[in-house]
Amino acid sequence: MSKLLDKPLKTFTLYALFILACSIPAYYLVVDYIWLNELDEHNEIIRTRMEQGLNDIDIDEQTLAQTLNVWNNVQPGTTIAPALPNDVREDSIYTASKLNIYSDDGEIDRFRGLQTYLNIYGRPYKLTIETNVEEVDETLFAIALITFLFFGFLVLGFILLNRRISGQVWLPFKKTLDKLKDFDLNKQSEVVFDKTDIEEFEELQTVLKQLIQNNASVYLRQKQFSENASHELQTPLALLKSKLDMMLQDDTLSEAQYEKISSLNLPLSRVSRINKNLLLLAKLENQQFDESFPIDLGALIDETTSLLADQAEARDISTVLKIDHQTMVTGNKYLVEIMLTNLLVNAIRHNVSGGAVAIDLTDRVLTISNSGSKPLKEERLFQRFGNASPDNPSSGLGLSIVREICQRYNWKIRYDFKDGLHTFSATF
């Protein structure tokens, strides 16, 4: 996964590469245009100097012919010869590619030429000047080499500047992110963000403050409602339980009446259990279990499995223990016992008839596995009132309580399903 600032860096780098690559032919055309203009000016200077120089010396026609012949033989790229008056034309500037007779390897070179007419002693002479132009491939190679060299420096500068800018500009964002990571909704602590002079980050912090305050307020009201409702329900549920017990002891009840009243005990017990779990969750969130002592986890597992032995036997479920009795944890014994009970009850409930429950305890990990036919819904597994399996409906609070207890002591709880086994692992 790439960082945010690396996204535009890649785009900028590709854009810079495209622009610099396109600039190579542009540089070549500009340099070639300047070079040709300089050669045209050079050729024109030669023409002017030759015409003035030859007209300034006083020589006869025969000597002039000999001088021009010597000039044509010793001066490369320049020829001058007599012309008829009718042959005089306007100056011609051209570019030609031909064999360079002065090159040992027989290269085809490019030449810039000037064809003009001189007036020497009142007679016309045709002058042709051809000057070698810089090689095309050499020019392109030099421009490309320099361009890509500077592109390398450009990319290196982008990377260094990007790192430096990201370290300075994004520092307020990182601090804000750290504050959010440390925020705990259960503690209802106020989040104080550092001041920043960046408008976008300041706006982000303002929105986050409002969001946290609104969520904290809603969460607090919901928690208070849950706690108050559970407390208020406790007394009427106890009264209903007591009334039902008294009615069941009435000898005047018929068998049909007795069965109807008895059938009310099951939903009433379920409601009472949900109410107790909600109260427990409220106490956990309010940090009402502060006492922590060393706990012999192996001995506590033995006690819990003994208490639940009847439920396992009723479904013909065997229990296999592999316990390190030297394992000690620090916590509230009541909460750890509830965690173990909920995990074991879950292993029995989501088991198959005639299945097995395996409990493995090492110095750092508790693993509880049970046989099953299909995996539980992980997205609903630790949610309150989230039923992870339609085949075994429950209140959906047991595993939520397990998660709250593990979070309280910074333990990690995870679920896996593999080879027909449900596995819950708690790492201390």
Side-chain angles (χ1 to χ4, degrees), residues 1-12 158-228 277-292 329-332 335-336 339 364-365 378-386 396-397 399-415 425-428:
M1 186 178 293
S2 59
K3 294 185 177 181
L4 177 62
L5 278 183
D6 290 339
K7 296 288 186 179
L9 177 60
K10 293 177 181 178
T11 305
F12 289 154
F158 278 166
I159 295 174
L160 296 177
L161 288 174
N162 183 64
R163 291 180 179 177
R164 186 167 184 176
I165 291 173
S166 63
Q168 295 177 350
V169 175
W170 288 88
L171 183 60
F173 176 79
K174 292 182 179 179
K175 290 183 177 179
T176 301
L177 194 60
D178 291 337
K179 296 278 187 181
L180 292 177
K181 289 179 180 178
D182 295 336
F183 175 71
D184 188 353
L185 192 60
N186 290 324
K187 296 179 180 179
Q188 294 290 310
S189 56
E190 183 181 0
V191 180
V192 180
F193 297 113
D194 296 336
K195 291 290 184 181
T196 176
D197 57 353
I198 300 176
E199 182 179 352
E200 289 80 4
F201 291 156
E202 184 68 27
E203 185 177 356
L204 174 64
Q205 291 179 358
T206 302
V207 174
L208 286 175
K209 285 180 182 178
Q210 294 176 353
L211 182 63
I212 290 173
Q213 290 174 356
N214 293 337
N215 286 341
S217 176
V218 171
Y219 177 78
L220 183 61
R221 288 197 300 269
Q222 289 179 344
K223 189 171 71 170
Q224 289 175 345
F225 170 79
S226 176
E227 184 178 359
N228 294 337
N277 287 336
L278 287 174
L279 277 174
L280 177 59
L281 283 170
K283 289 179 180 180
L284 283 170
E285 292 168 350
N286 292 330
Q287 308 291 327
Q288 294 182 10
F289 297 95
D290 294 332
E291 303 86 356
S292 294
V329 295
T330 301
N332 185 287
L335 294 181
V336 177
M339 182 190 76
R364 292 191 58 199
V365 181
E378 292 190 49
E379 68 275 6
R380 300 180 57 115
L381 201 57
F382 296 103
Q383 291 182 0
R384 296 185 186 183
F385 301 104
L397 292 175
L399 291 178
S400 179
I401 291 174
V402 169
R403 184 190 61 180
E404 291 289 340
I405 294 173
C406 288
Q407 287 181 346
R408 177 179 179 83
Y409 297 114
N410 294 320
W411 299 342
K412 297 188 181 298
I413 184 75
R414 58 173 303 206
Y415 164 77
S425 302
T427 305
F428 310 113

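Every heavy atom of this structure was used, including side-chain atoms; hydrogens, water molecules and symmetry mates were not. We're numbering straight along the sequence, starting at 1.
Counting heavy atoms from C-beta on, the side chains of Y409 and N332 come closer than 4.5 Å. Taking 4.5 Å as the limit, some side-chain heavy atom of T427 sits within range of a side-chain heavy atom of R364.
With sequence neighbours excluded, the residues that form a side chain to side chain contact (heavy atoms under 4.5 Å, CB included) with K209 are F193. Evaluation of the side chain to side chain contact (heavy atoms under 4.5 Å, CB included) rule for K181 yields L177, D178 as partners, not counting sequence neighbours. In this view, R414 and D416 satisfy the side-chain hydrogen bond (donor to acceptor under 3.5 Å, both in side chains) rule, not counting sequence neighbours. Applying the side-chain hydrogen bond (donor to acceptor under 3.5 Å, both in side chains) rule to T196 yields no partners; only residues at least two apart in sequence or on another chain are considered.
Taking OG1 of T176 as the reference point, atom CD of E202 lies at 9.0 Å (rounded to 0.5 Å). Taken from CD in E404 to CD1 in I413, the straight-line distance is 13.0 Å, to the nearest 0.5 Å. Atoms CG and CD, from L208 and E203 in turn, are 10.5 Å apart once rounded to the nearest 0.5 Å.
Between F428 and W411, the angle of the ring planes goes over 60°, which puts this pair in the perpendicular group of the 30/60° scheme.
For the pair Q205 (side chain) and K195 (backbone), a donor-acceptor distance under 3.5 Å is absent.
Considering all non-hydrogen atoms of both residues, I405 and L335 come closest at CD1-O, 3.3 Å.
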query: When you look at R403 and Q407, which way does the side chain to side chain contact (heavy atoms under 4.5 Å, CB included) test go after all the steps?
result: CA-CA 6 Å; R403 184 190 61 180; Q407 287 181 346; 3.8 Å; yes
